[in-house]
Number of protein chains: 4
Amino acid sequence: MSDMTSTADAPRSPGRPRSTRADEAIVDATLDLLAEGNSVESLTIEAIATRAGVGKATIYRRWPGKDALLLDALRTLKGPAPHCAGRSVRDDLVLLVGAVGQHADPRARKIMPCLVPEVNRSSAHRQAYEAIVEPRREALREVLRRAIDRGELRADIDIEVTMALLTAPMLTQRMLHWHAGDERVMPERIVDTVLDGLRVR
Amino acid sequence: MSDMTSTADAPRSPGRPRSTRADEAIVDATLDLLAEGNSVESLTIEAIATRAGVGKATIYRRWPGKDALLLDALRTLKGPAPHCAGRSVRDDLVLLVGAVGQHADPRARKIMPCLVPEVNRSSAHRQAYEAIVEPRREALREVLRRAIDRGELRADIDIEVTMALLTAPMLTQRMLHWHAGDERVMPERIVDTVLDGLRVR
Amino acid sequence: MSDMTSTADAPRSPGRPRSTRADEAIVDATLDLLAEGNSVESLTIEAIATRAGVGKATIYRRWPGKDALLLDALRTLKGPAPHCAGRSVRDDLVLLVGAVGQHADPRARKIMPCLVPEVNRSSAHRQAYEAIVEPRREALREVLRRAIDRGELRADIDIEVTMALLTAPMLTQRMLHWHAGDERVMPERIVDTVLDGLRVR
Amino acid sequence: MSDMTSTADAPRSPGRPRSTRADEAIVDATLDLLAEGNSVESLTIEAIATRAGVGKATIYRRWPGKDALLLDALRTLKGPAPHCAGRSVRDDLVLLVGAVGQHADPRARKIMPCLVPEVNRSSAHRQAYEAIVEPRREALREVLRRAIDRGELRADIDIEVTMALLTAPMLTQRMLHWHAGDERVMPERIVDTVLDGLRVR
DNA sequence: TGGTAATCGAGACGGTACGTCACGTCTTTCG
DNA sequence: CGAAAGACGTGACGTACCGTCTCGATTACCA
């Protein structure tokens, strides 16, 4: 958990080892409750403990507080960064843009917006967030660089600005507007519009 | 507040009228505390009452709960929607994009991110949020429409997608990344890149 | 209450006054639970609050902790010191000795032994205990003094030792041995034996 | 301890034998902590284990709970019942009365009062207490009986009442009033006063 | 001018959740 | 197999806020 990522070959501390069943039950209960309730505020440690069939102390032994637990719970939702076949710029971009703020677990959709304020809380939270997001950003950056090298995209574009243009609309929609039954801004439209520009030729 | 916006010519109810000093003190204390602390969770009604020099009941007499008070407090931060001179598409867009998530009050910068999860809480919150944002969106929509009519922009663009492309990067940056001392994605860059597209011609 | 004995003509502090119903309910619940359970350890503040139909904070607002509450609860059990008719030394002594460790409330019998260790905890507890006991001791002391003055008792007796002789057997029996269904050492026997002595004449 | 007093010639059970070092360390730690703190409540098994350098399970393997451990710990404090030279009634009584509630170990003085409520808890506790006290009571009873037989004391005295008269003052003083730096009620005074009675002759 | 009525501040009310600590039990590894 | 170490589920601790409820004191208005 959180505080012992590299469990490589630790010499094994004495005493009863921590239960992995508890680990999973806690994270699972957290996600369930978050998805059922609608806010971080209404998520209580006591409810998590009850739902997970676990004592409160077992939670506090692993995480210092609600924030850390939340971040850790989210981390388990994120699958691996999507793989780019590398066929065409357009296809790659559509794939990566569609993956922004996307998760395998359906509960994630309701959980993510709750994390926005958390991210702004402290640099520790921010770094945890970056660790999750950065691999995906790097994949996107790489696709853009390759396309420029191959002459498919203009050489003078600002890559950071471009990434913001591509990813922010999806992120915004899925964070602020996930409530709307279906998504109105599709990845393909975003990519095509950004690629072609608005001006008449 | 909130529940008595149209005090036009009410027949004046009997009894002592509500103190406007209290109204202001409460909203002000709320914004102060929000800007000092970093989360909605750590904002307590009791602290607001103490800071405002007001009884708790005086707050609950005006707002049904923390959420409503928060929304109202934010509303006071937002100035009027910016006026578009209507000189060129580019200038107008730069102006409006720069105004996204922008506020006069410096406290707003720290407060806004806290509101993201609130917005997703209930349709009431959502509507309140829309009421604040919609005028600005409409101004932007109008600029785009006029530009299309005048033949400055392609006629086949999807206006909603385009608005997302233009506004989301600023919004994302100011919500998720306000911590970064200075902004890295400038309105001009966004507008120019979107206008011109990425492809080589 | 513990902390405001002289409520004579206080200028009435602002805010809602404390509920006397709560005062009584708490003390009553405490005595009930103490009499039901068998130890101070098994008496919990939460159980008191529940039984009294009161929030925990309402208890902590009045008493700093379990000890203080207990002492206060006991105080309410003790009736007024018994009145001495002053007929004969023997009658007066029998009355006062019988009153040692005696209470109106039947619950007291089970509660008192629990207080012995409390009394030895700190000087504050000790003083509280003395305040309860001292009036009774003084009444006994007075009876002995008068009897000496009237020539009914020897003038060379040590009054403190004599008081210990008279009261300790009852106290011990009622503290350590209350479990024995009926008392084996009666006040009359104590008084008579002490008055007459053990030696043959 | 408690549950295996007669380890005389047991056939030696298999596996690692129990450490006698642990036995002593646990009892010693218990007495130390009891003497340092002032109540049974503040004595915790975890503290005992830590102080004794022992695992909690090692304690629970030997005693069923805190009460049993306490009683056992106290038992180790009590020396053998004092031997009566049998010179004169008065000398014997002074000796035995002075031994009431008396212990070799100075820690006992602070521990004893804590045991009063324990004694009243259950019949098991009571029996354990009686087993400690009874030998001393029997010695006193014997002295009184012999003195009556020899015609030194009146034949009509109630022996149980007399024992209460003699022992209770010391017990009370040492249980309730041990805090007073020095004792005010000396064994000699008690014995003499009880022997002679209060009345003028 | 003297009610009537809703406000004000203060703070107590019954609750719920917090994060900590100790309980007595269970589960490791080591000697 | 007993030892230590320490995690386990449980539940009480004392604190902080919740949203509601009295209090006495203040304003306004209307009669």
Side-chain angles (χ1 to χ4, degrees), chain A residues 11-19 21-22 41-50 52-62 64-66, chain B residues 11-19 21-22 41-50 52-66, chain C residues 11-19 21-22 41-50 52-62 64-66, chain D residues 13-19 21-22 41-50 52-66:
Chain A
R12 189 72 166 73
S13 77
R16 178 172 173 174
R18 293 197 178 158
S19 155
R21 275 193 62 263
E41 290 192 61
S42 68
L43 177 75
T44 69
I45 295 282
E46 303 215 323
I48 295 173
T50 301
V54 141
K56 274 197 294 177
T58 301
I59 297 179
Y60 285 108
R61 209 172 282 125
R62 290 165 163 74
K66 206 191 290 184
Chain B
R12 189 66 168 81
S13 72
R16 176 173 174 175
R18 293 193 179 163
S19 153
R21 273 193 63 264
E41 290 192 62
S42 67
L43 178 75
T44 70
I45 294 284
E46 303 215 322
I48 295 173
T50 300
V54 141
K56 275 198 294 176
T58 303
I59 297 179
Y60 283 107
R61 207 173 284 122
R62 288 163 164 77
W63 294 274
K66 206 192 291 184
Chain C
R12 185 74 167 75
S13 77
R16 178 174 174 174
R18 295 198 177 157
S19 155
R21 273 192 65 263
E41 291 191 61
S42 68
L43 177 76
T44 69
I45 295 282
E46 303 215 323
I48 295 173
T50 301
V54 141
K56 273 197 295 176
T58 302
I59 297 180
Y60 285 109
R61 209 173 282 125
R62 290 165 163 73
K66 204 191 292 183
Chain D
S13 73
R16 175 171 172 177
R18 289 190 180 169
S19 152
R21 274 192 61 263
E41 290 192 63
S42 67
L43 177 75
T44 70
I45 294 284
E46 303 214 324
I48 295 173
T50 301
V54 141
K56 277 198 291 176
T58 303
I59 297 179
Y60 284 108
R61 207 171 285 124
R62 289 165 163 76
W63 294 274
K66 205 192 289 184

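Every heavy atom of this structure was used, including side-chain atoms; hydrogens, water molecules and symmetry mates were not. Note on naming: letters A, B, ... go to the chains in the order of the sequence lines (proteins, then strands), and numbering restarts at 1 for each one.
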The reported gap from CD in B:Glu46 to NZ in B:Lys56 (rounded to nearest 0.5 angstrom) is 4.0 Å
Quick one: on DNA chain E, does C:Thr58 or B:Ser19 contact a more 5' nucleotide (nearest heavy atom)?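 Mapping each residue to its closest nucleotide by heavy atoms, the 5'-most match is B:Ser19.
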Result for 5'-nearest mapping on DNA chain E, choosing between A:Pro14 and C:Gly15, is C:Gly15
The contact string for nucleotides 12-18 of chain F, one letter per nucleotide 5' to 3', using protein heavy atoms under 4.0 Å with B, S and - for base, sugar-phosphate only and none, comes out as SBBB-BB
Verify, without hydrogens or angle tests, whether [X] (side chain) and [Y] (backbone) share a donor-acceptor contact under 3.5 angstrom.
X       : Y       : value
D:Lys66 : D:Leu43 : yes
B:Arg62 : B:Ala57 : no
C:Thr58 : C:Val54 : no

Notebook entry, point to check: Can you find a side chain N or O atom of A:Arg18 that sits less than 4.0 Å from OP1 or OP2 on E:dC26?
Noted result: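 The answer is no; no side-chain N or O of A:Arg18 sits under 4.0 Å from OP1 or OP2.
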Please state how far atom [atom1] in [X] lies from atom [atom2] in [N], giving the value in whole angstrom units.
X       : N      : atom1 : atom2 : answer
B:Ile59 : E:dA10 : CD1   : P     : 12 Å
D:Ile48 : F:dA5  : CD1   : C1'   : 18 Å
B:Arg21 : F:dT26 : CZ    : C1'   : 14 Å
C:Arg16 : F:dT22 : CZ    : C1'   : 5 Å

Closest non-hydrogen contact found for A:Gly55 with A:Ala49 is C-CB, 4.2 Å
Nearest-nucleotide check on DNA chain F, D:Ala22 vs A:Ala52; residue mapping nearer the 5' end is D:Ala22
